[in-house]
Amino acid sequence: MRKNPVLENEMKRYTRNMKCAWIILGVNLVLALFALIAQMGLSGRENYMTILQYRFPIQCYVLMGYGLFLAICILIPGLAGGSIAGERERKTLDLLLTTHLSPWKIILGKLESSLCLIFLISFSTLPVIGLVLIYGGITLVNLFQLILSLVITGIFIGSIGIFYSAIMRKTTVAVILSYVTVVLLVLGTVGILFGIGYIQQIRGMYREDFTGIRLGGLVYLLYFNPAVTLYGLIGQQTTNAYGLVRLCGHFGDYSHSFGVEHMVELSILVQLGCSALLLIAAGRHIHPMRK
């Protein structure tokens with residue numbers, strides 16, 4: 001199987017730059033600190049074998065998962081947002097388009113290069129996160145499910161960055177728009193639902209027939225929120241299996257809703273679909289023969 005030349009070139013640039021190594025080291029040191037705190041917190045207690053104390057390693061695992069998610073949200077928009085726009089500023093994009101590489105290969109190569117760092121960070125942290133396996137409650141399958149979820153999140157966020165990088169001429173503008181979009185997806189979707197729910201509650205105070213907040217299909221905005229997807233996955237792996245149902249319960253009665261009960265799987269499909277559309281749009285925008 002032939003390597004994508006764009007990916008190969010970007011990987012050479014990463015390996016020659018010590019910044020990548022420092023990022024991986026920093027993330028692993030932070031996660032190792034979490035694991036050390038968990039180990040010291042358990043071994044320093046006389047009743048460390050009790051069921052109550054087993055909750056602490058699980059909480060450590062949850063914290064590590066969200067820490068990796070935060071690292072993705074910080075790193076990927078900056079890498080992907082400057083991928084195409086950076087080539088355009090360096091006057092090398094037209095040279096790339098005159099080679100045998102199609103716009104789609106260029107787009108995919110840039111996405112793969114942005115995800116390579118996430119692969120390195122995710123798999124390098126497996127030994128640290130795997131310390132939770134000693135205490136039970138989390139299986140090896142759960143670890144790889146977490147890594148797969150983080151990779152999908154990286155694809156989704158990376159496609160957003162590449163889309164802005166393709167349509168914007170300045171790297172700074174593309175990176176800023178990428179970060180703004182990620183913040184709107186992670187915080188804005190939840191904020192919109194709580195805001196509309198609060199308005200309904202205020203209006204319902206003056207109505208006798210008010211039975212509670214009902215947002216209906218608006219709750220499915222959470223399909224576009226990768227943080228909610230991760231929250232649901234970690235909830236399924238730990239003791240909070242109905243966390244998403246309770247979360248959506250603030251916006252109405254979704255106790256028997258198929259879309260809410262299977263929100264993790266459906267949101268992954270939606271995010272992958274959006275990623276494909278964004279990458280196709282980015283490829284068409286940089287196509288030299290576009291009208």
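We're numbering straight along the sequence, starting at 1. Basis for what follows: all heavy atoms, side chains included, without hydrogens, waters or symmetry-related copies.
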*Asks:* Got a donor-acceptor contact below 3.5 angstrom from the N225 side chain to the T189 backbone?
*Replies:*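 Not confirmed, N225 side chain does not pair with T189 backbone.
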
*Asks:* I want to check something: taking the side chain as every heavy atom from C-beta on, are I192 and L218 in contact at a cut-off of under 4.5 Å?
*Replies:*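 Contact flag for I192/L218 side chains = no.
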
*Asks:* A side-chain contact here means heavy atoms from C-beta on lying under 4.5 Å apart; do N142 and Q145 qualify?
*Replies:*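 Counting from C-beta outward, N142 and Q145 do come under 4.5 Å.
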
*Asks:* Side chains of P77 and I157, heavy atoms from C-beta outward: is any pair under 4.5 Å?
*Replies:*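 The answer is yes, as the side chains (C-beta and beyond) meet within the 4.5 Å cut-off.
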
*Asks:* Between S165 (side chain only) and I162 (backbone N and O only), is there a donor and an acceptor less than 3.5 Å apart?
*Replies:*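 No: the side chain of S165 does not pair with the backbone of I162.
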
*Asks:* Which residue, F258, Y231, Y223, forms the side-chain contact (heavy atoms from CB on, under 4.5 Å) with M263?
*Replies:*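 When side-chain contact (heavy atoms from CB on, under 4.5 Å) is applied between M263 and each of F258, Y231, Y223, only Y223 qualifies.
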
*Asks:* Does L146 form a side chain to side chain contact (heavy atoms under 4.5 Å, CB included) with L230? I'd like the steps, not just the answer.
*Replies:* CA-CA 8 Å; L146 176 64; L230 181 64; 3.6 Å; yes

*Asks:* Any side-chain heavy atom of S267 within less than 4.5 Å of one from V228?
*Replies:*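 Answer no - side chains too far apart.
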
*Asks:* Is there side-chain contact between T153 and T229, with at least one heavy-atom pair below 4.5 Å?
*Replies:*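 Contact flag for T153/T229 side chains = no.
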
*Asks:* Is it the case that the side chain of T171 and the backbone of G82 share a donor-acceptor pair, with hydrogens and angles ignored and the cut-off at 3.5 Å?
*Replies:*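 Not a single qualifying donor-acceptor pair exists.
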
*Asks:* Atom CZ of residue position F194 - does it have more than 12 heavy atoms of other residues, nucleotides or ligands inside 6.0 Å?
*Replies:*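 Atom CZ in F194 is crowded, with more than 12 foreign heavy atoms closer than 6.0 Å.
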
*Asks:* Do I286 and R88 come close enough that some side-chain heavy atom pair is under 4.5 Å?
*Replies:*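 Yes, their side chains come closer than 4.5 Å.
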
*Asks:* What I'd like to find out is whether the side chain of E265 reaches to under 4.5 Å of the side chain of L269, using heavy atoms alone.
*Replies:*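 No, side chains not in contact.
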
*Asks:* Does Y220 reach the side chain of V260, with side-chain heavy atoms less than 4.5 Å apart?
*Replies:*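 Result yes, sub-4.5 Å side-chain heavy-atom pair found.
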
